[in-house]
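Atoms considered below: every heavy atom in the structure, side chains included; atoms not considered: hydrogens, waters and symmetry mates. Letters A, B, ... are given to chains in the order of the sequence lines, protein chains preceding strands, and every chain is numbered from 1.
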2 protein chains.
Amino acid sequence: MLKYQEIAGKIEKSIKNQRLKQGDKLPSLEELVSQFNASKSTVRKALEILENKGAIYQLRGSGIFVRKLKRRGYIDLGLTRGLKGTIGEYEMTTEVLAVEVIDATSEIAKNLSIEIGDAVYYIKRVRFLHGQPLCIEESYFVKSIVTYMNKEIAADSIFNYLRTALKLNLGFSDSYFHVGKINEEESKFLKLSIGEPKFYLESIFYLATGKAFDYSKTTYHYDQAQFFIQATSE
Amino acid sequence: MLKYQEIAGKIEKSIKNQRLKQGDKLPSLEELVSQFNASKSTVRKALEILENKGAIYQLRGSGIFVRKLKRRGYIDLGLTRGLKGTIGEYEMTTEVLAVEVIDATSEIAKNLSIEIGDAVYYIKRVRFLHGQPLCIEESYFVKSIVTYMNKEIAADSIFNYLRTALKLNLGFSDSYFHVGKINEEESKFLKLSIGEPKFYLESIFYLATGKAFDYSKTTYHYDQAQFFIQATSE
DNA sequence: CAGTGGTCTAGACCACTAT
DNA sequence: TAGTGGTCTAGACCACTGG
């Protein structure tokens with residue numbers, strides 16, 4: 001574990017433990033430096049991470065303050081993670097409709113920067129929140145990177161499997177989304193009428209090496225899903 | 001201008017000028033250090049900014065590479081800016097429907113962390129892209145912070161005015177969004193039928209000091225607007 | 001003006017990638 | 001094993017906030 005990660009984690013935990021609220025003040029940089037026995041730069045690196053995560057903000061001449069989200073129950077789109085990683089595991093269930101190896105179509109190949117015909121895992125799932133259909137998702141994983149996959153894994157957290165079992169280093173992601181109308185197939189799975197609203201999200205996930213490995217298309221139930229992003233200047 | 005900002009800007013410009021593509025390699029850290037006459041840490045700070053912006057990615061032992069978005073015409077939600085700042089000015093026009101000072105309701109007060117009855121500027125606008133209605137927006141600005149406002153300013157870029165004329169330092173923002181159905185009032189402005197899909201976004205913008213100054217509610221035309229986010233791990 | 005965060009440097013040493 | 005990015009330190013000096 002890196003020192004600055006450890007420090008960031010400890011600060012975050014202390015915010016939780018002390019139940020600090022929006023605007024509450026943390027110890028000064030200098031104090032943190034001596035408290036964690038680290039150099040100023042290292043502590044600042046930790047604070048920068050927390051700042052980018054939206055957990056704190058720093059104000060020159062004044063101090064370091066807690067930044068808290070005001071609302072709950074929103075899906076964080078500012079993360080490079082699977083759904084389970086962002087929503088919390090407890091109330092979510094998954095129905096796996098398909099796990100197959102297929103040849104990449106031109107659409108898949110383009111988004112994953114591979115060749116048409118290259119092998120990809122095709123996974124189709126419906127996900128439920130508190131038993132209500134939340135979304136239907138089709139994912140394509142580059143088989144040369146994600147070498148093995150099965151229904152059990154797909155029913156659980158795929159991203160967790162990639163990180164721990166396959167030891168892949170996730171890097172970054174591009175997410176594109178817009179609003180549309182439910183088509184016939186989606187209407188069945190989400191229990192909606194054709195033409196009702198949908199939230200349509202396409203994401204491309206990359207390894208730390210810059211290689212794309214997952215292209216996912218997800219249609220959300222318009223009434224079940226809400227999202228948030230915490231942005232920071234610059 | 002800070003040194004690391006200048007360096008970040010120059011690197012970004014050189015990516016554009018040389019028309020570098022996804023995966024193209026930049027000079028090594030060491031080269032950049034000598035090229036810009038800066039210390040390693042300063043150059044790394046610049047590179048970190050570009051990494052968080054989604055412009056590059058760095059790979060230990062290998063090099064620094066260009067990360068490019070694959071698609072165009074999407075609105076970036078990962079920014080703390082007004083619409084004009086993210087979408088480019090050229091094709092956007094604005095119709096101002098209202099600029100008034102009102103008393104904060106409980107909803108407004110809660111989101112802006114002010115008292116009920118405090119004075120806020122209420123601004124209502126419809127925005128057009130290529131002459132087509134893109135969205136209808138209602139904004140509430142804390143009057144004690146945004147001390148002056150008028151129709152001309154509202155017709156242009158409010159955020160630009162805040163930065164340059166009022167010299168406010170923008171800090172961060174929280175954005176919440178979901179999908180819904182158009183109501184009667186929205187249907188008129190967006191030229192849609194009641195019940196058609198809408199993308200509904202609420203944003204709260206904060207100064208660098210942590211004080212909320214703008215609460216905005218925006219309803220987007222489902223067919224005109226698409227969005228993206230570039231996320232980074234860690 | 002005291003206190004606090006922000007910038008920048010120079011350098012030691014570590015960890016990963018590619019060949 | 002050479003090359004390249006990542007971590008961490010110690011310290012000088014700058015810039016802003018608030019009493």
Next item on the list: Using the closest heavy atom to pick a nucleotide of DNA chain C for each, name whichever of A:Arg44 or B:Asn37 lands nearer the 5' end.
Entry: A:Arg44
Check: Which residues, if any, of residues 19-31 of chain A bring a heavy atom under 4.0 Å of DNA chain C?
Finding: A:Ser28, A:Leu29
Check: Judged by modelled atom types alone, do B:Ser175 and B:Ser203 share a side-chain donor-acceptor pair under 3.5 Å?
Finding: yes
Checklist line | Sidechain N-carboxylate O distance under 4.0 Å for B:Glu48, A:Lys45 | finding: yes
Next item on the list: Do nucleotides 13-19 of chain C as a string where each nucleotide becomes B, S or -: B if the base has a protein heavy atom under 4.0 Å, S if just the sugar-phosphate does, - if no protein is that close.
Entry: --BBB--
Note to self: Once you measure the plane-to-plane angle for A:Tyr176 and B:Phe228, does it fall in the parallel (<30°), tilted (30-60°) or perpendicular (>60°) bin?
What the structure shows: tilted
Item checked: Which nucleotide in C:dG6, C:dT9, D:dT9 has an atom nearest any side-chain atom of B:Lys3 -> C:dT9
Notebook entry, point to check: Are OP1 or OP2 of D:dT7 and a side-chain N or O of A:Tyr4 less than 4.0 angstrom apart?
Noted result: yes
Note to self: What I want to check is whether the side chains of B:Tyr121 and B:Glu100 have a donor and an acceptor closer together than 3.5 Å.
What the structure shows: no
Next item on the list: Output yes when A:Asp174 and B:Arg67 qualify as a salt bridge under the 4.0 Å nitrogen-oxygen rule, no when they do not.
Entry: yes
Next item on the list: Name the nucleic acid region contacted by B:Leu47, choosing base, sugar-phosphate or nothing; use a 4.0 angstrom heavy-atom cut-off, strictly under.
Entry: nothing
Next item on the list: Would you mind telling me which of D:dT7, C:dA10, D:dG6 lies closest to the side-chain atoms of B:Gln58?
Entry: D:dG6
Margin query: Quick check: closest heavy atoms across B:Lys3 and B:Asn37, and the distance to 0.1 Å?
Written below: NZ-O, 2.9 Å
Checklist line | Residues A:Glu12, A:Lys53: salt bridge by 4.0 Å N-O rule | finding: yes
Next item on the list: Could you pull out the closest heavy-atom pair between A:Val43 and A:Ala38, with the gap in Å?
Entry: CG2-CB, 4.1 Å
Margin query: Closer than 4.0 angstrom, basic N to acidic O: yes or no for A:Lys217 and A:Glu202?
Written below: no
Notebook entry, point to check: What heavy-atom pair brings B:Ile116 and B:Ala109 nearest, and what distance separates the two atoms?
Noted result: N-CB, 3.7 Å
Next item on the list: Quantify the bending of the helix from C:dC1-D:dG18 to C:dA18-D:dT1 as the angle between its end axes, each fitted on five pairs, to 10°.
Entry: 20°
